[in-house]
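Reading through the structure tokens given below for one structure.
Whatever order the structure lists them in is the order used to number ligands and atoms, beginning at 1. Numbers here simply count residues along the sequence, with the first being 1.
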Amino acid sequence: MSIKSASWQTLWTNVNLATMTEGAKGYGAIENAALAITDGKIAWLGSEAELPSFDANSVNVIDGKGAWLTPGLVDCHTHIVYGGNRANEFEMRLEGKSYEEIANAGGGIVSTVKATRAASKEELFASAFKRLSALHQQGVTTVEIKSGYGLDTINEIKMLEVASDLAKSLPVTVQRAFLGAHALPVEYKGRPDDYINLVCEDMIPQIATNKLADAVDVFCEGIGFSLAQTEKVFAAAKAHNLPIKVHAEQLSNLGGTALAAKYQAMSSDHIEFLDEAGVSAMKAADMTAVLLPGAFYFLRETQLPPMDLLRKHGVSMAIATDANPGSSPICSLQLMLNMACTLFRLTPAEALAGVTCHGAKALGLSSSKGQLAIGYDADIACWDIQQPAELCYQFGVNPLQNLMKSGEMVI
Ligand code: NIG
Ligand code: FE
């Protein structure tokens with residue numbers, strides 16, 4: 001028995017690996033492979049022909065029967081904690097109203113705010129649990145959940161606490177983003193700067209002190225907050241050592257992405273209207289572009305994100321569901337893989353990187369998640385497929401065979 005293999009607890013044999021290591025070509029594939037796990041981390045991987053000898057009595061050997069392993073999927077942008085739903089606005093849009101018109105008429109985000117404020121923590125938990133379970137059943141092991149439907153201190157904290165509770169109830173790593181600057185609550189109508197002061201001087205300090213969020217997000221947009229207001233929130237987040245990210249350039253080009261780059265944001269999300277200057281600012285700050293094909297599809301947008309510019313400048317592209325009641329009521333990262341290819345023309349390898357290594361990077365987790373590599377968390381999805389492109393190609397039949405979280409089989 002070699003020294004290296006002495007401490008292995010679990011060993012996958014007879015598998016193919018889409019390692020998705022950053023910078024690898026395509027899927028970073030290793031066919032006819034094996035992968036070993038110690039203490040919840042990947043301890044060895046490679047061609048099965050090179051497998052070191054091991055003590056079969058002390059290692060739990062799993063015969064993968066030719067399946068493919070990928071990193072557990074990362075959904076790096078969701079809003080799955082909310083009250084009520086907005087099916088009525090879906091109907092209104094089908095009768096001719098636009099997303100912005102509905103928002104300006106008191107619907108949109110603020111109508112979900114009403115329902116979220118009225119909901120108890122238990123009610124919010126119960127509905128979000130169903131959404132998170134749906135993501136998990138499709139291979140998600142890491143998810144980001146945003147606040148942003150409370151819009152006052154008590155209700156923003158309530159949402160973040162529900163997100164923390166979800167992390168204890170399912171084997172999924174939950175990163176919480178504070179999105180107090182999501183929309184202007186009705187009681188602050190005409191006083192956006194006063195609301196931004198509340199976000200910066202009351203909410204962020206309390207949330208930071210009580211470690212209720214892992215990052216701070218802002219909706220920088222005509223129907224959200226201006227550049228100056230966004231900058232105030234970034235400065236407050238930085239003062240409390242919280243990383244930042246932004247919803248920007250979704251409906252217009254305000255320059256939110258370039259501003260976020262100045263503050264070393266982890267990501268800029270949506271970015272349909274981003275120009276080349278913004279893309280190069282992202283590259284300079286090593287930001288990740290989070291593309292959200294579900295919102296593009298559901299709002300029937302026509303302006304595509306600048307994929308060619310992102311490729312030209314070598315900006316990492318993540319893909320996420322943006323699961324939320326208004327612009328993307330979709331809890332399927334598998335569907336996003338398909339849409340990233342059909343709507344945004346990503347290659348299947350780019351799309352899969354978007355929900356693995358680049359999704360992890362968007363959350364600041366690129367040294368522990370999103371790749372099959374030695375020392376990485378053994379969050380592993382096992383798929384009943386013949387080739388990785390199938391994950392993007394067929395939709396509606398769940399190919400997930402098993403799911404491992406920190407080396408434990410959870411599905
Ligand atoms: O990511 N852009 C802002 N926020 C969400 C929409 C939220 C809503 O409509 O409830 C988004 O698309
Ligand atoms: Fe969003």
Side-chain angles (χ1 to χ4, degrees), residues 75-90 92-93 97-117 119 124 127-128 131 143-151 155-156 159 163 175-185 215-225 230 233 244-252 254 256-257 260 265-274 288-301 303 305 318-331 333 336 339 359 362-363:
D75 190 353
C76 68
H77 179 142
T78 84
H79 311 244
I80 56 171
V81 174
Y82 60 83
N85 71 64
R86 307 229 293 275
N88 60 328
E89 293 183 6
F90 180 51
M92 286 164 75
R93 283 202 294 114
K97 292 259 177 312
S98 76
Y99 183 67
E100 279 159 303
E101 278 167 355
I102 292 169
N104 290 331
I109 294 172
V110 296
S111 76
T112 297
V113 171
K114 220 170 162 189
T116 304
R117 287 179 176 176
L124 290 177
S127 61
R131 297 181 193 113
V143 70
E144 190 225 47
I145 302 177
K146 299 175 194 296
S147 68
Y149 293 118
L151 307 188
N155 286 295
E156 283 296 304
M159 289 187 72
Q175 293 292 108
R176 301 150 306 171
F178 167 61
L179 179 55
H182 192 195
L184 190 64
V216 171
D217 195 350
V218 178
F219 185 24
C220 181
E221 190 60 69
I223 57 167
F225 293 93
T230 301
V233 178
I244 60 156
K245 53 200 308 175
V246 69
H247 280 73
E249 274 71 69
Q250 179 187 9
L251 308 167
S252 60
L254 287 191
T257 301
M266 296 191 290
S267 69
S268 183
D269 304 31
H270 287 289
I271 64 163
E272 279 84 347
F273 285 83
L274 189 63
T288 300
V290 178
L291 307 181
L292 303 168
F296 176 88
Y297 154 82
F298 195 71
L299 297 180
R300 304 186 73 234
E301 297 292 350
Q303 172 85 23
I319 303 292
T321 59
D322 194 17
N324 76 69
S327 67
S328 185
I330 304 173
C331 289
L333 201 51
M336 295 307 112
M339 285 186 179
L363 296 176

Open item on the list: Using a 3.5 Å distance criterion without hydrogens, assess whether the side chain of H270 forms a donor-acceptor pair with backbone atoms of Q250.
Closed with: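 No: the side chain of H270 does not pair with the backbone of Q250.
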Open item on the list: I'd like to know whether ligand 1 has E221 as a neighbour, heavy-atom separation below 4.0 Å.
Closed with: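 Heavy atoms of E221 never come under 4.0 Å of ligand 1.
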Task: T112 N/O under 3.5 Å from ligand 1 N/O - done: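 The answer is no, given that T112 and ligand 1 share no N or O pair closer than 3.5 Å.
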Task: Side-chain heavy-atom pair E249, L254 within 4.5 angstrom cut-off - done: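 The answer is yes, as the side chains (C-beta and beyond) meet within the 4.5 Å cut-off.
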So if I count the atoms of ligand 1 from 1 in the order they appear, which ones are less than 4.0 Å from some heavy atom of [X]?
X: R86; answer: 8 (C), 9 (O), 10 (O)
X: H77; answer: 1 (O)
X: F219; answer: 2 (N), 3 (C)
X: N324; answer: 5 (C), 6 (C), 7 (C), 8 (C), 9 (O), 10 (O), 11 (C), 12 (O)

Open item on the list: So that I can check it, does any N, O or S atom in H77 come closer than 2.8 Å to the Fe ion (ligand 2)?
Closed with: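 Checking H77: at least one N, O or S atom is under 2.8 Å.
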Open item on the list: When you measure from the Fe ion (ligand 2) to the N, O or S atoms of D269, does any of those distances fall below 2.8 Å?
Closed with: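 Not a single backbone or side-chain N, O or S atom of D269 is under 2.8 Å from the Fe ion (ligand 2).
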Task: Distance-only polar pair, side chains of D269 and H247, donor-acceptor under 3.5 Å - done: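 No - no donor-acceptor pair under 3.5 Å links their side chains.
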Open item on the list: How large, to 10°, is the angle at the Fe ion (ligand 2) when you draw lines to NE2 on H247 and to NE2 on H79?
Closed with: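 Centred on the Fe ion (ligand 2), the NE2/NE2 angle is 100° (to 10°).
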- [ ] Closest by any non-hydrogen atom to atom 6 (C) of ligand 1: pick that one out of Y149, Y99, Y82, F296.
- [x]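 Among Y149, Y99, Y82, F296, the closest heavy atom to atom 6 (C) of ligand 1 belongs to Y99.
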